[in-house]
Asks: 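Input: one structure, supplied below.
Chain naming here is simple, since letters A, B, ... match the order of the sequence lines and numbering starts at 1 in each.
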Amino acid sequence: MATYDTLNAEQYEAVTTTEGALLIIAGAGSGKTRVLTHRTAYLIEEMGINPYNIMAITFTNKAAAEMRERIDQMVGFGSESIWVTTFHSTCVRILRRFADRIGFDTSFTIYDADDQKQVMKEVCKSLEIDTKIYKEKMFLNVISSAKDTLTDPTEFALSATGDYARQRQAQVYREYQAVLKKNNAMDFDDLIMKTVELFKADLEVLDYYQERFKYIMVDEYQDTNTAQFELIRLLAGKYGNLCVVGDDDQSIYKFRGANIKNILNFEQYFPQAKVIKLEQNYRSTQNILDAANHVIAHNIGRKQKALWTEQDAGEKIHFKQFDTAYEEADYVAVDIEKQVRAGGSYSDSAVLYRTNAQSRMFEERFIQENIPYKLVGGVNFYARKEIKDILAYLKTIDNAKDDLAVKRIINLPKRGIGAASINKVQTFANEQEMSFYDAARIAEEIPGLGRGAAKITPFVTFIQTMRSKAKFLGVAELIRNIIADTGYVRELEAENTPEADARIENIDELISKAVSYEESTEAPTLSGFLEEVALVADIDDVVEGSDYVVLMTLHSAKGLEFPNVYLAGMEDGLFPSYMTIISDNSEEEMEEERRLCYVGITRAMKRLTITSAKMRMVRGETRFSKVSRFVSEIPMHLMNGTVATGKSIPKQVQEQKTSPYANTAKQILRSKPAAPVPIKVFSTEATNQMSLSYHEGDRVQHIKFGEGTVLSIVAGGRDFEVTVDFDRFGTKKMFASFAKLKKV
DNA sequence: CCTACTACGCTTTTT
DNA sequence: GCGTAGTAGG
């Protein structure tokens with residue numbers, strides 16, 4: 001049984017207002033997840049609502065998983081029948097069941113950004129568009145925003161009259177959709193748009209889901225786009241019990257179609273709507289909140305609110321300006337060490353920046369200092385070449401309906417099947433109106449293919465063999481079979497480069513992912529695995545009890561909190577970005593950047609450090625910048641700021657930057673940092689040492705320092721502290737989970 | 001058909 | 001500065 005007396009007055013009201021439309025404006029750190037979970041419990045326990053009729057919808061898998069866990073804890077019986085998912089997986093589930101009612105096969109495939117670009121290339125070619133002038137990406141952006149606003153190709157064309165460029169775009173849009181349809185595929189935006197289309201076209205289906213989801217809750221509502229708004233409006237259309245939670249000040253995804261009007265005009269869409277503001281913050285000190293409040297107050301189009309806390313003023317905000325980005329990273333590294341020595345842990349700290357490119361400097365410095373870190377974001381794991389290759393094999397084995405996947409691997413490894421042969425097969429497939437793979441299966445019958453057919457047949461045989469194996473092998477075992485039979489990993493091993501090693505590591509990680517999928521799923525299937533992977537942005541192996549500094553962009557930081565935060569690279573031109581400053585509607589875009597700054601500041605619980613550099617390398621050229629305008633929006637009296645005196649770059653460091661070890665440093669950067677060892681598993685010192693592959697006195701290999709001898713292994717608070725005497729670098733202490741030492 | 005070199009692109013990006 | 005994609009030449 002849940003208790004509600006720990007809630008404050010506004011939270012309590014939000015929890016107990018169960019009927020009708022409800023807008024909860026939840027400031028940063030005001031306990032909105034708590035409200036949502038308590039509200040769910042309240043609906044079931046106090047209002048007697050069937051859990052089956054409740055839906056909680058979020059944007060990220062991570063947010064959904066977190067909500068699921070907290071709801072499970074609180075609700076107990078029946079909690080598994082509550083629908084807690086992301087927008088996209090909701091739509092996939094609906095479409096997998098009813099997509100045939102809008103002319104799709106329910107086994108449609110989902111195209112990611114990479115696939116979209118591939119399709120767009122085809123489209124541009126067939127429409128004879130010069131991609132040197134009109135970029136594929138531009139068309140994809142245009143199409144994506146059209147879909148975000150539920151504009152179909154016909155409507156788009158209508159709005160394009162008299163504008164040649166837009167007419168051309170309309171043509172591309174139409175053709176792009178035709179190719180997707182032909183491939184029985186949908187892109188991410190289609191998932192939402194087609195579901196709306198389905199609801200509008202088939203009232204029976206709509207009614208079915210309206211009856212199912214009588215109580216709907218939407219998290220991060222400020223990030224919904226027009227299509228998503230329409231989706232939930234339709235779902236809530238019958239019972240009208242719609243509760244949305246958001247913070248207009250944290251809307252940072254306008255560039256992806258988020259429509260801030262959804263939250264600003266909620267009361268117009270739902271005139272009976274009740275509005276509750278949560279302004280008490282339970283996260284940060286008063287100084288941090290004051291800084292955030294002052295910055296965000298510079299925005300005009302927002303709902304008035306001010307965060308307050310019962311906490312003390314706390315530390316002042318630290319501000320430092322450095323000469324170079326290197327000194328900035330150096331300062332942050334040293335400061336983190338200082339915090340840890342003072343009794344903190346690494347996981348208390350996070351470094352936040354505007355662009356992913358900024359992470360490199362910190363990574364290099366952290367490796368040198370032996371600071372364990374975890375990089376969040378960057379290149380999406382599932383978008384990596386080697387992963388997409390293996391997945392293309394799996395897709396082809398599962399059902400070869402995805403032409404793109406088949407074409408990707410038909411000549412990988414090299415089977416002597418070139419562009420000419422592939423084109424002939426494709427042409428034949430188009431003529432016969434069959435899939436590319438089906439055409440390849442009867443390669444002998446394709447006119448003009450000649451000797452090419454003899455090269456295609458073994459490939460088809462291989463897939464057919466794998467297909468029969470797939471019936472009794474698990475996914476992980478199937479992947480192992482694929483890499484063994486194709487020699488994929490063997491080829492990489494032969495390359496013997498750090499890059500190739502990193503790719504092999506990634507493939508191993510995919511296998512682990514498959515293993516954990518099989519373990520965690522009741523009836524694991526190949527299709528099921530592919531489905532899960534298609535809707536996951538990145539593998540998130542946050543190990544409980546692990547200890548590392550987190551590095552990520554401000555965008556990724558939304559929804560998180562850390563005791564000690566560094567906002568790095570606070571420079572005009574970087575943050576706010578140059579693009580924003582020179583933009584045509586600079587005013588509006590500046591407000592979005594400012595909201596991003598607000599998000600950054602409000603991540604900090606106790607300690608906030610803002611840093612900037614006068615000089616920084618951006619895309620190979622040195623750039624000089626002033627301190628970000630956002631810094632001057634923070635009142636001076638809240639800051640404890642100095643401009644660092646021109647300390648020059650230490651010589652040793654300059655040497656290291658161009659040292660022969662630069663390559664190995666690169667290798668570390670390329671592969672994902674090793675998942676830190678969870679401590680709870682080991683209890684005694686004996687098992688500690690047994691769990692490592694080396695012991696005291698062993699010779700070990702370190703990726704940067706080379707070979708050395710292990711002097712001691714000590715079970716430190718959270719990890720094993722290993723002392724190694726390196727042949728060339730002397731004695732170093734390092735954490736076992738981070739140093740990746742290998743016995744030699 | 002395969003390889004090696006050049007050229008281009010580049011803010012953020014929950015799916 | 002870096003990584004991928006496209007193309008010229010073998």
Asks: Taking A:Thr33's backbone N and O only, do any of them form a donor-acceptor pair with A:Thr37's side chain (distance below 3.5 Å, no angle check)?
Replies: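 Answer holds: yes.
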Asks: Give A:Asp223 one of three labels, base, sugar-phosphate or nothing, depending on what nucleic acid heavy atoms sit under 4.0 Å from its own.
Replies: base
Asks: Compare the minimum distances between each of B:dT13, C:dG3, B:dC1 and the side chain of A:Arg360, then state the nucleotide with the smallest one.
Replies: C:dG3
Asks: Within this structure, what is the NE2-to-C1' distance between A:His555 and B:dT12, rounded to whole angstrom?
Replies: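 Going from NE2 in A:His555 over to C1' in B:dT12 covers 4 Å.
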Asks: Summarise how protein sits on nucleotides 5-11 of chain B as a single string, 5' to 3': B when a protein heavy atom is under 4.0 Å from the base, S for sugar-phosphate-only contact, - for no contact.
Replies: ----SBB
Asks: Base, sugar-phosphate alone, or nothing: which one does A:Ala420 contact when heavy atoms must sit under 4.0 Å apart?
Replies: sugar-phosphate
Asks: Which residue in the set A:Lys395, A:Lys117, A:Lys388 passes salt bridge (Lys or Arg N to Asp or Glu O under 4.0 Å) when paired with A:Asp112?
Replies: A:Lys388
Asks: Rounded to the Å, how far apart are A:Gln116 CD and B:dT13 P?
Replies: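 Taking atom P of B:dT13 as the reference, CD of A:Gln116 is at 17 Å.
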Asks: Rounding to a whole Å, what distance do you find between A:Lys121:NZ and C:dT4:P?
Replies: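 About 13 Å, once rounded to whole Å.
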Asks: Salt bridge between A:Arg629 and A:Glu633, side-chain N to carboxylate O under 4.0 Å?
Replies: no
Asks: Going by the angle between their ring planes, with limits at 30° and 60°, are A:Tyr353 and A:Phe362 parallel, tilted or perpendicular?
Replies: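 Because their plane-to-plane angle is under 30°, the rings of A:Tyr353 and A:Phe362 count as parallel.
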Asks: Can a side chain N or O of A:Thr86 be found less than 4.0 Å away from OP1 or OP2 on B:dT14?
Replies: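 Answer is no, no contact under 4.0 Å.
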Asks: Categorize A:Tyr253 for me: base, sugar-phosphate, or nothing, with a 4.0 angstrom heavy-atom threshold over every strand shown.
Replies: base
Asks: Would one find a side-chain N or O of A:Thr553 under 4.0 angstrom from OP1 or OP2 of B:dT13?
Replies: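 Yes, A:Thr553 has a side-chain N/O under 4.0 Å of OP1/OP2 on B:dT13.
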Asks: With syn defined as a glycosidic angle within 90° of 0 and anti as everything else, classify B:dT12.
Replies: anti
Asks: Once you round it to whole Å, what is the distance between C1' of B:dC1 and CZ of A:Arg451?
Replies: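 Taking CZ of A:Arg451 and C1' of B:dC1, I get 12 Å after rounding.
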Asks: Nearest whole angstrom, please: distance from the P of B:dC2 to the CZ of A:Arg415.
Replies: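 It is 11 Å, rounded to the nearest whole Å.
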Asks: Which part of the nucleic acid does A:Thr58 contact within heavy-atom distance under 4.0 Å: base, sugar-phosphate only, or nothing?
Replies: nothing
Asks: Specify the residue among A:Glu592 and A:Lys455 whose closest nucleotide of DNA chain B lies further upstream toward the 5′ end.
Replies: A:Lys455
Asks: What's the CG-P distance between A:Leu554 and B:dT14, to the nearest Å?
Replies: 14 Å
Asks: Output the rounded distance in Å from CG (A:Asn225) to P (B:dT14).
Replies: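 Distance, rounded to whole Å: 15 Å.
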Asks: Counting only heavy atoms from other residues, nucleotides and ligands, does the tally under 6.0 Å from CD of A:Glu493 exceed 12?
Replies: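 It does: A:Glu493 CD has more than 12 such atoms within range.
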Asks: Give the rounded distance in Å between these two atoms: CG of A:Leu412 and C1' of B:dC1.
Replies: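 Rounded to whole Å, this separation is 15 Å.
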Asks: What about the rings of A:Phe575 and A:Phe630, do their centers lie closer together than 6.0 Å?
Replies: yes
Asks: Does C:dG3 have OP1 or OP2 sitting under 4.0 Å from an N or O in the side chain of A:Lys385?
Replies: no
Asks: Can you say whether the rings of A:Phe199 and A:Tyr209 are parallel (under 30°), tilted (30 to 60°) or perpendicular (over 60°)?
Replies: tilted
Asks: Could you tell me how the ring of A:His555 sits relative to the ring of A:Phe255: parallel (under 30°), tilted (30 to 60°) or perpendicular (over 60°)?
Replies: perpendicular
